[in-house]
Amino acid sequence: MSEDESIEQTQQDEKVRENRLRRAAERQGLLLKKSRRRDPRAIDYGTYMVVDAATNSLTAGPGLTLDDVEWNITK
């Protein structure tokens with residue numbers, strides 16, 4: 001496997017994990033939202049937050065990694 005293929009596989013694995021956590025959050029009445037920042041140098045680029053779907057209030061984040069999101073959803 002070349003380096004490019006390895007990077008693609010890692011990105012695909014991260015997207016699969018993100019989707020799994022998104023579905024887990026929805027089962028709990030929560031929404032997983034990803035930062036809309038497009039500047040890779042921004043401090044919150046590529047981070048997540050967890051929002052209560054009923055009240056639209058922030059329950060965790062912003063600035064969470066997928067590990068942080070998983071911990072917050074499964075606690």
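Everything numeric here is computed off the predicted structure, so don't read it as measured data.
Side-chain atoms of S35 come within 3.5 Å of backbone N or O of D44 as a donor-acceptor pair. With hydrogens and angles disregarded, no donor-acceptor distance shorter than 3.5 Å links the side chain of E70 to the backbone of D67. Put simply, the side chain of S6 never gets that close to the backbone of S2: no donor and acceptor are under 3.5 Å apart. Between the side chain of T59 and the main chain of V50, a donor-acceptor pair closer than 3.5 Å is present.
Under a hydrophobic-cluster definition in which Ile, Leu, Val, Met, Phe, Trp and Tyr are linked whenever side-chain heavy atoms come within less than 4.5 Å, directly or via other members, V51 and Y48 are assigned to different clusters. Tracing side-chain contacts under 4.5 Å through hydrophobic residues (I, L, V, M, F, W, Y), one reaches L64 starting from L30; they form part of the same cluster.
Crowding of I43 atom CD1: a count of heavy atoms from other residues, nucleotides or ligands under 6.0 Å not exceeding 12. Other residues, nucleotides and ligands contribute only 12 or fewer heavy atoms inside 6.0 Å of the CZ atom of R37. Counting non-hydrogen atoms of other residues, nucleotides and ligands closer than 6.0 Å to CD of Q28 gives a total above 12.
Rounded to the nearest 0.5 Å, atoms NZ (K34) and CZ (R36) are 13.0 Å apart. One finds the CD atom of E5 at 11.5 Å from the OG1 atom of T10 (value rounded to the nearest 0.5 Å). Note that CG of L66 is 5.0 Å distant from CZ of R17, once rounded to the nearest 0.5 Å.
Proximity of K33 to R22: side-chain heavy atoms (C-beta onward) are nowhere separated by under 4.5 Å. Considering only heavy atoms from C-beta on, V69 comes within 4.5 Å of L32 through its side chain. Counting heavy atoms from C-beta outward, D52 and T55 have side chains that approach closer than 4.5 Å.
Taking a cutoff of 4.0 Å between a charged side-chain nitrogen and a carboxylate oxygen, R23 and E18 do not qualify as a salt bridge. Between D39 and R41 there is a salt bridge, with a side-chain nitrogen of the basic residue lying less than 4.0 Å from a carboxylate oxygen of the acidic one.
In terms of the salt bridge (Lys or Arg N to Asp or Glu O under 4.0 Å) criterion, D68 has no residue partners (sequence neighbours excluded). Residues satisfying the salt bridge (Lys or Arg N to Asp or Glu O under 4.0 Å) criterion with D13, sequence neighbours excluded, are absent altogether.
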